[in-house]
Amino acid sequence: MTDRWRQILSRYGQTITLYRQGQEEGTACRAFLQPVQEKGADFFQRQPTPLGLVRQDRWICLGGPDMALDELGDGYLAWGGQTFTVRSAQPVYLGEELVYWWGLLAVRD
């Protein structure tokens, strides 16, 4: 199953760069990044704070089994001129096999 997922990522995924904590040079990976679409009318992309506006938009990341999103520490992901921090990450298994990583990302300012 992981071979099929890698083929799909290779063909349709975006090239992202993972920067682990303390690492100056990133690792190129393939993943799907998509913004979370909120249905509620009360959702705002930017939240006012005493220090100014703070971005609140979130993104979903689906990556290969080699991405290990939970091991970035204070690291981040880069794609399309933006950088993202990992808010939550979970490995997804099919039986005993790690198939892909699911991650909820936030845009870094």
Side-chain angles (χ1 to χ4, degrees):
M1 185 60 154
T2 55
D3 290 336
R4 175 62 68 187
W5 180 243
R6 282 191 181 105
Q7 289 173 356
I8 292 168
L9 285 175
S10 173
R11 185 167 184 175
Y12 301 108
Q14 297 109 320
T15 300
I16 64 165
T17 307
L18 292 175
Y19 292 91
R20 300 196 188 283
Q21 181 176 355
Q23 188 181 40
E24 289 186 26
E25 205 169 301
T27 304
C29 298
R30 301 286 285 182
F32 291 110
L33 290 178
Q34 295 295 318
V36 173
Q37 301 296 316
E38 297 287 341
K39 295 183 180 182
D42 59 346
F43 176 78
F44 300 101
Q45 289 282 344
R46 296 183 183 271
Q47 184 77 18
T49 70
L51 298 176
L53 293 177
V54 176
R55 290 186 71 160
Q56 296 294 312
D57 46 334
R58 297 172 297 165
W59 290 63
I60 295 290
C61 175
L62 300 177
D66 56 336
M67 285 184 61
L69 293 175
D70 65 341
E71 296 176 0
L72 291 180
D74 288 335
Y76 59 94
L77 286 78
W79 173 77
Q82 296 186 60
T83 57
F84 305 88
T85 57
V86 177
R87 295 283 185 213
S88 177
Q90 296 293 321
V92 178
Y93 290 88
L94 182 61
E96 298 293 320
E97 184 179 21
L98 173 60
V99 180
Y100 66 91
W101 278 90
W102 173 94
L104 181 63
L105 311 178
V107 177
R108 291 170 40 138
D109 282 330

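On a predicted model such as this, the values are computed, not experimentally measured, just so you know.
Nearest heavy-atom pair across Leu98 and Val92 is CD1-O, 3.6 Å. Shortest non-hydrogen contact noted between Trp102 and Ser88 is CZ3-OG, 3.8 Å. Taking every heavy atom of both residues into account, Leu33 and Cys61 meet most closely at CD2-CB, 3.5 Å. Contact record, Ile60 with Val36: CG1-CG2, 3.6 Å, taken as the closest heavy-atom pair. The minimum heavy-atom distance linking Gly63 with Ala31 is given by the pair CA-CB, 3.9 Å. When all heavy atoms are compared, the tightest approach of Gly73 to Gln21 is CA-OE1, 3.5 Å.
From Asp3, atom CG reaches atom CD1 of Ile8 across 11.0 Å, with rounding to the nearest 0.5 Å. How far CH2 of Trp101 is from CE of Met67: 9.5 Å, rounded to the nearest 0.5 Å. How far OH of Tyr100 is from CG of Leu69: 12.0 Å, rounded to the nearest 0.5 Å. To the nearest 0.5 Å, the span separating CG on Leu77 from CD on Gln82 amounts to 12.0 Å. One distance of note links CG of Leu9 with CG of Leu62; it measures 8.0 Å at 0.5 Å rounding.
Counting only residues at least two apart or in different chains, side chain to side chain donor-acceptor pair (under 3.5 Å) contacts with residues 23-35 comprise Thr15-Arg30. Residues in residues 62-78 take part in no side chain to side chain donor-acceptor pair (under 3.5 Å) pair, two or more places apart or across chains.
Note: the hydrophobic cluster containing Trp59 does not contain Tyr19 (ILVMFWY, side chain heavy atoms under 4.5 Å, direct or indirect links).
Scanning for ring pair (Phe, Tyr, Trp, His ring centres under 6.0 Å) contacts around Tyr93 gives an empty result, with sequence neighbours left out.
Judged by distance alone, with hydrogens and angles left aside, the side-chain atoms of Gln14 form no donor-acceptor pair with the main-chain N or O of Trp79 at under 3.5 Å.
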